[in-house]
Amino acid sequence: MPDPIPSTDDALARLAAMPLVEAMATQRAIRRVLPDPVDDALVLRCIEAAERAPTGQNGQQWEFVVVKDARLKHRLGRQYRLCWGAYWRAVYRREAAADDAKARMARAVQWQVDHFGEIPVLVVACLRLGVGEGRVPLVRMPHVAESGYWGSVYPAVQNLLLTARAMGLGASLVTMPLWNLLAARRILGLPANVTPICVMPLGWPRGRYGPSARKPVGEVTHLDGYGRRHWLEADS
């Protein structure tokens, strides 16, 4: 059974009380959420935290589109369903058949796809590109150049996700609804110089947060070049 939904004041109190290390240690993708509404004050508090993140040259080129309208959620959900279906058939079905953890993840993703229109809030993190505030560049930068700017939005995304975790909100990060960039722009009414980067569904979790299972740090840390797992060797 899910925990009782906290009041807005209780959720903000949780945010103030939770140590950052605890939020990081227990953060995980929560895809199954309740349809119950999420107070705008909590959504805006998440975005306010996102805005505290560093950006390249302090450009602050992020934009956040909050989607609550059922029609828009269903349209984004259709894009999600199309992309997930293609990915499942081409790649993930075989992987899930051979790996129980991936099979569990696939079931969670499928639940989110099937219930995307019922999720209370979607926050779409976007990046504003171009020369000067609000101006559309005459020549669009190539995609490889644009990707260099993405580092200016993902720290903000992590701030938002950690804030949601601390308040007890379920959250995850998905990109499949945006794989068709033209469709995403049309659905969200984005100008040419604003690019959607990821979608963060928010809602009260159907389950509970808990410790995240991760590899020992020595297995993924290399000293002075790939392959020398110095700290793993020191522990053995």
Side-chain angles (χ1 to χ4, degrees), residues 2 27-35 64-127 129 140 142-151 153-154 157-158 160-161 164-165 169-190 192 194-210 212-215 219-220:
Q27 182 189 22
R28 61 174 60 178
I30 301 293
R31 296 182 175 88
R32 296 182 177 94
V33 297
L34 299 168
F64 299 92
V65 180
V66 177
V67 179
K68 299 172 67 177
D69 184 278
R71 294 169 298 176
L72 297 183
K73 287 189 287 185
H74 279 290
R75 290 175 68 187
L76 287 171
R78 181 176 184 275
Q79 297 301 316
Y80 195 179
R81 185 177 302 108
L82 290 172
C83 292
W84 168 246
Y87 183 65
W88 169 257
R89 290 189 297 272
V91 177
Y92 210 84
R93 177 169 53 187
R94 292 190 298 273
E95 295 182 357
D99 188 318
D100 289 343
K102 290 188 175 182
R104 289 194 299 272
M105 185 178 296
R107 289 193 292 272
V109 172
Q110 188 64 59
W111 189 97
Q112 189 177 60
V113 168
D114 292 340
H115 297 84
F116 206 65
E118 303 165 19
I119 295 171
V121 180
L122 309 176
V123 179
V124 184
C126 305
L127 196 60
L129 303 171
R140 184 65 183 268
H143 183 71
V144 66
E146 287 185 358
S147 67
Y149 286 84
W150 295 355
V153 74
Y154 274 111
V157 167
Q158 178 67 344
L160 190 153
L161 294 172
R165 162 64 194 104
L169 280 169
S172 59
L173 186 159
V174 296
T175 59
M176 283 187 182
L178 308 177
W179 280 10
N180 185 330
L181 184 57
L182 290 177
R185 288 189 184 283
R186 191 179 306 115
I187 293 167
L188 298 170
L190 298 176
V194 176
T195 299
I197 305 299
C198 64
V199 182
M200 290 166 284
L202 299 178
W204 299 109
R206 290 179 177 270
R208 293 181 174 86
Y209 279 104
S212 302
R214 295 292 184 265
K215 297 178 181 178
E219 287 189 15
V220 299

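Residues take their numbers from the sequence shown, with the count starting at 1.
- Rounding to the nearest 0.5 angstrom, the gap separating the CD atom in Q158 from the CE atom in M200 is 10.5 Å.
- Contact annotation: the side chain of V157 approaches that of C198 to within less than 4.5 Å [non-hydrogen atoms, C-beta and beyond].
- Looking at every heavy atom in both residues, Q79 comes nearest to P177 through CB-O, 3.5 Å.
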key: Evaluation steps, side-chain contact (heavy atoms from CB on, under 4.5 Å), between L82 and W179   = CA-CA 10 Å; L82 290 172; W179 280 10; over 6 Å; no
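- Looking only at side-chain heavy atoms (C-beta outward), R107 and R32 come within less than 4.5 Å of each other.
- Put simply, the side chain of L122 reaches to within 4.5 Å of the side chain of P201, judged on heavy atoms.
- In terms of heavy-atom proximity, A164 sits nearest to L202 at CB-CD2, 4.2 Å.
- In plain terms, the two heavy atoms of L161 and Q27 that are nearest each other are CB-NE2, 3.1 Å.
- Shortest non-hydrogen contact noted between P196 and C126 is CA-SG, 3.8 Å.
- Put simply, the side chain of L127 does not reach to within 4.5 Å of the side chain of Y154, judged on heavy atoms.
- You'll find the side chain of V194 stays beyond 4.5 Å of the side chain of V65, heavy atoms only.
- Separation of atoms CG (L178) and CG (L76) is listed at 7.0 Å; rounding is to 0.5 Å.
- Note: L34 CG to E118 CD = 10.5 Å, rounded to the nearest 0.5 Å.
- We find the CZ-CZ distance between R94 and R89 to be 12.5 Å, quoted to the nearest 0.5 Å.
- Taking every heavy atom of both residues into account, C83 and M176 meet most closely at SG-O, 3.5 Å.
- For W84, the ring pair (Phe, Tyr, Trp, His ring centres under 6.0 Å) test picks out W88, Y92, with sequence neighbours left out.
- The structure places CD of E219 at 13.5 Å from CZ of R214, a figure rounded to the nearest 0.5 Å.
- In this structure, CZ on R165 lies 14.5 Å from CG on L160, to the nearest 0.5 angstrom.
- Nearest heavy-atom pair, V199 versus F116, reported as atom, atom and distance to 0.1 Å: CG1-CZ, 4.3 Å.
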ask   = Hey, mind stepping through R185 and T195 against side-chain contact (heavy atoms from CB on, under 4.5 Å) and telling me if it holds?
value = CA-CA 8 Å; R185 288 189 184 283; T195 299; 3.3 Å; yes
Atom pairs and distances, donor-acceptor, side-chain atoms in residues 98-106, under 3.5 Å, two or more places apart:
residue	atom	partner	partner atom	Å
D99	OD1	A101	N	2.9
D99	OD1	K102	N	3.2
K102	NZ	E95	OE1	3.3

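- Applying the salt bridge (charged side-chain N to carboxylate O under 4.0 Å, His left out) rule to pairs touching residues 66-78 yields D40-K68, D69-R71, sequence neighbours excluded.
- A donor-acceptor contact shorter than 3.5 Å links the side chain of Y209 to the backbone of L169.
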query = Taking it one step at a time, do Y80 and Q112 satisfy side-chain contact (heavy atoms from CB on, under 4.5 Å)?
reply = CA-CA 9 Å; Y80 195 179; Q112 189 177 60; 2.8 Å; yes
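- A 4.5 Å side-chain heavy-atom check between L188 and L72 finds every atom pair outside the cut-off.
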